[in-house]
Amino acid sequence: MKIVVLVKQVPDSGADRNLRSDDNTVDRASASNVINEMDEYAIEEALSLQEAHGGEVVVLTVGPDRATESIRKALSMGPDSAVHVVDDALHGSCAVATSKVLAAAIAQQQADLVICGAESTDGRVQVMPHMIAERLGIAALTGARKLTVEGSTLTIERQTDEGYEVVTASTPALVSVWDTINDPRYPSFKGIMAAKKKPLQTLSLGDLGIAAGEVGFEGSTSAVVEHSKRPPRQAGNKIDAGDDGGSKLVEYLASEKFV
């Protein structure tokens with residue numbers, strides 16, 4: 001089985017994140033960039049399947065040159081190789097345009113299974129798995145909290161607010177996972193050193209047969225028109241203790257419809 005794991009480099013959600021003032025895109029140059037947290041669970045699931053069934057695990061990312069840092073971090077966990085789609089024309093691409101690029105790169109790999117995180121911490125739109133599966137014409141088993149493979153049959157438990165659903169499909173297919181599916185392993189020193197020598201293929205839009213006008217600002221279906229900083233937190237209402245303090249508190253809670 002050949003498994004492709006989608007990995008995205010994103011600004012650290014624990015640090016300040018900003019949009020650029022010139023084009024309203026994420027300011028990645030000044031951010032502390034890391035692997036999208038949910039993608040680490042996707043990597044772990046792929047490696048667990050490889051250990052149980054054999055095969056090959058390939059990491060795939062679309063991003064600027066600096067995304068190589070996250071690729072090497074992903075490879076240090078254990079995958080066999082990586083593919084990095086990098087092209088200046090990609091800047092400003094929306095989810096629809098990005099899905100076209102990812103689908104084209106996945107098609108070249110002829111994967112049996114694609115695994116990705118259910119969402120990215122910078123976009124949080126949760127649509128990429130569905131878009132890619134639609135473009136590739138394969139089944140999308142999304143929101144998995146558990147994945148079982150028996151031959152060419154995949155079975156997941158899809159996490160819901162009420163519990164879970166059991167969904168099955170045949171390979172090739174795409175599975176997106178939540179952070180409830182496993183506990184990602186930590187890269188060992190041996191893994192970190194080995195990652196430096198693992199194959200890393202770099203592709204451009206031309207290698208994928210995609211014209212520059214199909215991506216970026218020109219090829220996107222949506223764009224951020226303007227943005228502003230979140231307003232500072234305002235001081236709250238203060239109720240002084242006293243004989244009528246309790247009554248005032250109840251009156252305030254009632255006015256805000258808390259009681």
Side-chain angles (χ1 to χ4, degrees), residues 1-10 12-13 34-63 67 70-71 73-83 95 98-99 102-103 105-106 109 111-136 138-187:
M1 175 180 290
K2 185 173 186 179
I3 306 173
V4 170
V5 184
L6 305 185
V7 172
K8 184 179 184 182
Q9 186 181 61
V10 298
D12 189 346
S13 58
V34 296
I35 292 179
N36 179 52
E37 181 182 0
M38 210 70 69
D39 297 344
E40 295 189 25
Y41 295 88
I43 295 170
E44 176 61 35
E45 194 64 19
L47 294 174
S48 297
L49 290 176
Q50 182 187 43
E51 291 168 355
H53 304 282
E56 177 185 3
V57 176
V58 180
V59 171
L60 170 61
T61 193
V62 173
S70 293
I71 293 174
K73 168 68 181 302
L75 288 174
S76 69
M77 294 176 66
D80 302 292
S81 61
V83 177
T98 302
S99 70
L102 283 167
I106 293 169
Q109 293 298 311
D112 300 293
L113 174 61
V114 181
I115 306 180
C116 61
E119 66 177 9
S120 62
T121 56
D122 59 346
R124 308 201 72 171
V125 292
Q126 299 183 25
V127 298
M128 193 60 67
H130 308 80
M131 288 182 173
I132 293 172
E134 175 67 18
R135 289 186 181 278
L136 293 173
I138 60 177
L141 305 180
T142 56
R145 72 173 195 176
K146 182 180 180 181
L147 170 61
T148 304
V149 177
E150 294 183 4
S152 61
T153 300
L154 309 175
T155 302
I156 70 161
E157 292 182 1
R158 174 180 286 154
Q159 187 170 315
T160 68
D161 292 337
E162 295 78 24
Y164 68 91
E165 303 168 340
V166 176
V167 187
T168 63
S170 298
T171 57
L174 182 148
V175 175
S176 69
V177 303
W178 286 111
D179 55 3
T180 51
I181 197 166
N182 57 48
D183 293 311
R185 66 193 69 188
Y186 289 99

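A quick note: this is a predicted structure, and the numbers were derived from the prediction, not measured.
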Side chains of Leu174 and Ile132: does their closest heavy-atom pair fall under 4.5 Å? yes
Residue list, side chain to side chain contact (heavy atoms under 4.5 Å, CB included) with Val127, at least two apart or on another chain: Ala95, Val125, Met131
Which heavy atom of Arg135 sits nearest a heavy atom of Ala103, and at what distance? CB-CB, 3.8 Å
Specify the closest pair of heavy atoms between Ala173 and Ser170, including all atoms of both residues, with the distance to one decimal. CB-O, 3.8 Å
What residues, two or more places apart in sequence or in another chain, satisfy side chain to side chain donor-acceptor pair (under 3.5 Å) together with Asp80? Gln50
So, using salt bridge (Lys or Arg N to Asp or Glu O under 4.0 Å) as the criterion, who are the partners of Arg185 when residues are at least two apart? Glu44, Glu51
Smallest separation among heavy atoms of Val7 and Ala74, with atom names: CG2-CB, 4.5 Å
Lys73 NZ to Asp39 CG distance, which is reported to the nearest 0.5 Å: 11.5 Å
Go through the structure and list residues passing side chain to side chain donor-acceptor pair (under 3.5 Å) with Thr180, not counting sequence neighbours. Gln159
One pair to check against side-chain contact (heavy atoms from CB on, under 4.5 Å): Leu6 and Ile106. What are the steps and the verdict? CA-CA 9 Å; Leu6 305 185; Ile106 293 169; 4.0 Å; yes
Under a 4.5 Å cut-off applied to non-hydrogen side-chain atoms, are Val34 and Thr121 in contact? no
Taking salt bridge (Lys or Arg N to Asp or Glu O under 4.0 Å) as the definition, give me every residue that meets it alongside Glu119, ordered by chain and number, with sequence neighbours left out. Arg124
In short, salt bridge (Lys or Arg N to Asp or Glu O under 4.0 Å) pairs touching residues 142-154 with sequence neighbours left out are Arg145-Glu157
Restricting to salt bridge (Lys or Arg N to Asp or Glu O under 4.0 Å), what partner residues turn up for Glu165, sequence neighbours left out? Arg158
Closest non-hydrogen atom pair between Trp178 and Tyr41, with its separation: O-CB, 4.2 Å
With sequence neighbours left out, the residues meeting side chain to side chain donor-acceptor pair (under 3.5 Å) with Thr61 are none
d(Leu60 CG, Ser81 OG) to nearest 0.5 Å is 10.0 Å
dist Met77:CE -> Ile35:CD1 (nearest 0.5 Å) comes out at 7.0 Å
Give a yes or no on whether the backbone of Gln109 and the side-chain of Lys2 come within a donor-acceptor separation of less than 3.5 Å. yes
For Thr171, all residues meeting side chain to side chain donor-acceptor pair (under 3.5 Å), sequence neighbours excluded: none
Can you tell me how far the CG atom of Asp183 sits from the CD atom of Glu40, to the nearest 0.5 Å? 11.5 Å
Residue pair Val175 / Glu45, side-chain heavy-atom distance below 4.5 Å: no
Can you list the residues that meet the side chain to side chain contact (heavy atoms under 4.5 Å, CB included) rule with Ser176, with sequence neighbours excluded? Cys116, Ala118, Pro129, Thr142
Applying side chain to side chain contact (heavy atoms under 4.5 Å, CB included), can you list everything that pairs with Ala82, at least two apart in sequence or on another chain? Val59, Ile71, Leu75, Leu200
At what distance, to the nearest 0.5 angstrom, does CE of Met128 lie from OG of Ser120? 7.5 Å
Keeping the roles fixed (side chain from Asp122, backbone from Val10), state whether a donor-acceptor pair exists under 3.5 Å. no
Mind checking what makes salt bridge (Lys or Arg N to Asp or Glu O under 4.0 Å) contact with Asp112, not counting sequence neighbours? none
Taking all non-hydrogen atoms of both residues into account, name the closest pair between Ala111 and Val4 and its distance. CB-CG2, 3.5 Å
side-chain contact (heavy atoms from CB on, under 4.5 Å) between Leu147 and Leu49: does it pass, once the steps are laid out? CA-CA 9 Å; Leu147 170 61; Leu49 290 176; 3.7 Å; yes
What's the spacing between Ile115 CD1 and Leu141 CG if we round to 0.5 Å? 10.5 Å
Any side-chain heavy-atom pair from Leu47 and Pro79 closer than 4.5 angstrom? yes
